[in-house]
Amino acid sequence: MKRCHHLCRLLPLWLSLVILSFSHISYGDNVTYDHRALVINGVRRVLISGSIHYPRSTPEMWPDLIQKAKNGGLDVVETYIFWNLHEPVQGQYDFEGRKDIVKFVKTVAEAGLYVHLRIGPYVCAEWNYGGFPLWLHFIPGIKFRTDNEPFKTEMQRFTAKIVDLMKQENLYASQGGPIILSQIENEYGLIDSAYGAAAQRYIQWSASMALSLDTGVPWVMCQQSDAPDPIINTCNGFYCDEFSPNSSNKPKMWTENYSGWFLSFGGSAPYRPPQDLAFAVARFFQRGGTFQNYYMYQGGTNFGRTTGGPFIATSYDYDAPIDEYGLLNQPKWGHLRDLHKVIKQCEPALIATDPAYTSLGQNLEAHVYKTSSGACAAFLANINTQDATVKFNGKTYKLPGWSVSILPDCENVVYNTAQINSQETTSEMRYLNSSSEGTDQPLSRLSSSGWSYIKEPVGISKADAFTRNGLVEQINTTADASDYLWYSISFNITMGEPWLISGAQTLLHVESLGHVLRVFVNGFYIGGVMGNARSAKISLSKLIILNKGKNTIDLLSATVGLQNFGAFFDLSGAGVTGPVTLSANSVTFDLSPYVWTYQTGLKGEDMSLFDVSDDSASLWLSDSTLPTNVPLVWYKMQFKAPAGNDPVAIDFTGMGKGEAWINGQSIGRFWPTYTAPLSGCSNSCNYKGTYSSSKCLKNCGKPSQQLYHVPRSFLKGANTMVVFEEEGGDPTKISFATRHTGSLCAHVSEMHPAPVNFVLYPELAVSKQKLGPMVHLTCPGPDQLINEVKFASFGTPQGTCGSYSHGKCSSTNALSVVQQACVGTSSCSVPVSIKAFGDPCRGVTKSLAIEATCSS
Ligand code: GAL
């Protein structure tokens, strides 16, 4: 006690200073902008932002995701607002659970980060119907996204509703909250020419409507080169360094930098190499940018029927820095964290001045931010794919191909976008078997009988079915209340019809706008056909056998997410357009204009079979004849939640296509039978050269999506899973898995800069000498320790994480040096230098590769 003199008394003051400097929510922030940057309380800011869409994870996941975003060096979290989630029925709002946007914004604020709220209300986002509620389509006289009164009335009402909600909760920065920026519309500039002269009026109106809502913070329009003042037009794309805003009073801002790309059913999985992503970011800040947002920073999951489309997959992982399950996607997360640290180190110079450009050779560029007060930051870029050596300020620098070196003091390279110091981790799924093999506990089924089932009737079974002459468009008919619409027709056959071959056979032909069609003749499934993300249109031709007397053809048409992108996307229809014909011997009979009976949705949907209430309990059959590999079956099973807290996934291998619910909550559509094309993939895509969404693909020939995330908060001790199988599958093959970090790897060369941490915080350095490159490994879990070094090589090791091998040159003591430094610790640093390992080959550039594992 006695030792507590003035230090103790100073502590509360010191603490409150720390709190003040880390939290911007205790007082109102004044947010404006000038030609360099957003200006918060009079200070220009360099801001790193990332998209995390609240309904694509759960409130239980939000704090951890946001903390990981903060640890990754983000200042801002961006989210769209999803109108169709919040107003499913006109005038009836829902802000509960995953839809609790207020809670999400407050969670971001609690972490001390800012929010960019992109209200839209058109959002695109691979979200059903681009975020618009379907009821909007049925308002008489409405035309979306143009100068149309009914549309503008609704858009204004909803935008104002969201702004009011935020204001009531004091969430705008001007009120002391975290929201520093809002967006109106979304990439309208990409398609506005299709709307003619009305487009201009609509943009003007959108701008003044947004401004009239008086949020006290700036508004942006992305990809809108004619955004009216004072709205800032921003850039979206894989690269935005060449972008400049439409006024010299506006800052250069990048609202969508794609960290990867989205997955479609039937497509392969896109990924974007971290070196190229970091290159794009560095180029942007090199050339005057001051606000950059990753789309996505965590992509998450499209639960329920929220995917856009058509054919957007349930996983929205996006190869983002945080994966779908909430685990770090390494080395991407770490490589960007290092980049953010360096950029922040450059911030005083970046905000003080415009960059001065000098050419260092062909496609070799230097940009220098130098202030009169002595701050200086430089970016040296090599836009060629070949390595280069350049002279800058009298010194020589090696610039790897397609890379940017950042020199926060205009002299020392602290970071190069192509040289990854961060560790890589592999993620693995551990399967829980119903047998007790392996180290994992088995997945316990609660009911000894396992699966029970209910057959969904083929064709018309509901009382609200109706008839029409001719074929109807699907979305106008179902209003998207369900994926499904039955088209049913019955007719008599005398056997004398000219369009019958050898008595009863005929060719049935069906044309549809998509997205999926299943055909039943007299109750029997005769085949299905599906479109793809590029073209949803489908047709089916099949020889069928008809009966003498009455015959029924039932066509089940299914949508897989409604169109979310493009001019007039809201009008792209779905379903059987016809003709539907029977033919033989060049004689065709067209069934299309006759009387068809229609049913929106399934009987099981009407009965809420996915619900866990006991209402339907007696209907579920659990006899020994569990139907498998037949279409249209509801299945149910009870299971215990996998032990522990690791993220959970269901592997739907063995099933066809459908939707699954856990305790009544839909985890989305599953479709493991829709596989990616056989070609076009490469597992080690070259990061050098311009990236595009089809450049780096993996998973060719495999199911586009096999694993489906079940958030932990959906699970309790005893759980019920209900599955609707549309195509035919075997539910007993469904398996559960938990997601873990596998190996920790790193591969760092002598040419790499020292780790950013050590350069920025020299007090952390082990010695005062000039630091060189280092491998730094950290176990992901708080209680984990490195338990094994599987591989270590200093010299010229080759390969990738999980398959490293020694090169011609390798030091003999690498394994023991690394083991000594790392085993038993939660994190370790090993210098990449001949001091630590000796020199196994003079004159050769050496590197250190390590693969280690952590205790579970
Ligand atoms: C953009 C759009 C985003 C998202 C993205 C692709 O054009 O603004 O909402 O759809 O493409 O993921």
Side-chain angles (χ1 to χ4, degrees), residues 49-56 77-85 116-132 144-145 181-192 194 203 206 219-225 227 232-240 243 253-265 267-272 277 280 291-302 306-321 324 533-534 561-570 572 691-697 704:
S49 172
S51 299
I52 300 176
H53 295 157
Y54 53 97
R56 286 176 155 146
V77 170
E78 178 276 342
T79 184
Y80 280 130
I81 297 281
F82 300 89
W83 188 356
N84 52 14
L85 273 190
H116 175 201
L117 201 67
R118 298 171 86 199
I119 301 179
Y122 165 68
V123 297
C124 195
E126 291 69 69
W127 193 262
N128 196 40
Y129 216 40
F132 286 145
F144 288 6
R145 304 180 77 198
L181 205 61
S182 289
Q183 178 176 297
I184 194 76
E185 250 297 337
N186 189 76
E187 295 194 331
Y188 189 61
L190 295 185
I191 48 108
D192 57 4
I203 275 304
S206 300
W219 286 92
V220 302
M221 283 183 171
C222 61
Q223 297 288 60
Q224 192 71 48
S225 55
I232 308 166
N233 64 310
T234 64
C235 183
N236 291 348
F238 288 113
Y239 306 92
C240 275
F243 170 80
M253 296 174 66
W254 189 0
T255 35
E256 291 182 19
N257 176 9
Y258 306 112
S259 54
W261 198 244
F262 58 84
L263 175 73
S264 297
F265 285 124
S268 7
Y271 64 99
R272 186 176 187 188
L277 182 55
F291 179 102
Q292 187 269 157
N293 177 70
Y294 296 100
Y295 188 101
M296 303 293 295
Y297 195 74
Q298 195 255 352
T301 311
N302 295 312
T306 60
T307 68
F311 297 102
I312 302 294
T314 297
S315 168
Y316 200 61
D317 180 81
Y318 225 93
D319 194 26
E324 175 178 8
R534 268 157 285 110
L562 301 193
Q563 184 81 28
N564 60 270
F565 177 74
F568 308 108
F569 74 85
D570 49 303
S572 46
Y691 180 79
S692 70
S693 60
S694 57
K695 181 177 171 186
C696 304
L697 302 169
S704 299

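None of these values were measured; they are calculated from a predicted model. Counting starts at 1 for both ligands and their atoms, following the listed order.
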Ring geometry between Tyr80 and His53 (parallel below 30°, tilted from 30 to 60°, perpendicular above 60°): tilted
Out of Phe569, Phe144, Trp83, Tyr188, which residue meets the ring pair (Phe, Tyr, Trp, His ring centres under 6.0 Å) rule with Tyr122? Phe569
Could you work out, with disulfide bond (SG atoms under 2.5 Å apart) as the rule, every residue matching Cys240, not counting sequence neighbours? Cys235
Among Tyr271, Tyr297, Tyr295, which residue satisfies the ring pair (Phe, Tyr, Trp, His ring centres under 6.0 Å) criterion with Tyr318? Tyr295
So which protein residues pack against ligand 1 under 4.0 Å, heavy atoms counted? Tyr80, Val123, Cys124, Ala125, Glu126, Asn186, Glu187, Glu256, Tyr258, Trp261, Phe262, Tyr295, Tyr316, Tyr318
I'd like to know if Arg118 pairs up with Glu256 as an ion pair, taking the criterion as any Lys NZ or Arg NE/NH1/NH2 lying under 4.0 Å from an Asp or Glu carboxylate oxygen. yes
Donor-acceptor pair, side chain of Thr307 and main chain of Ala313, under 3.5 angstrom: no
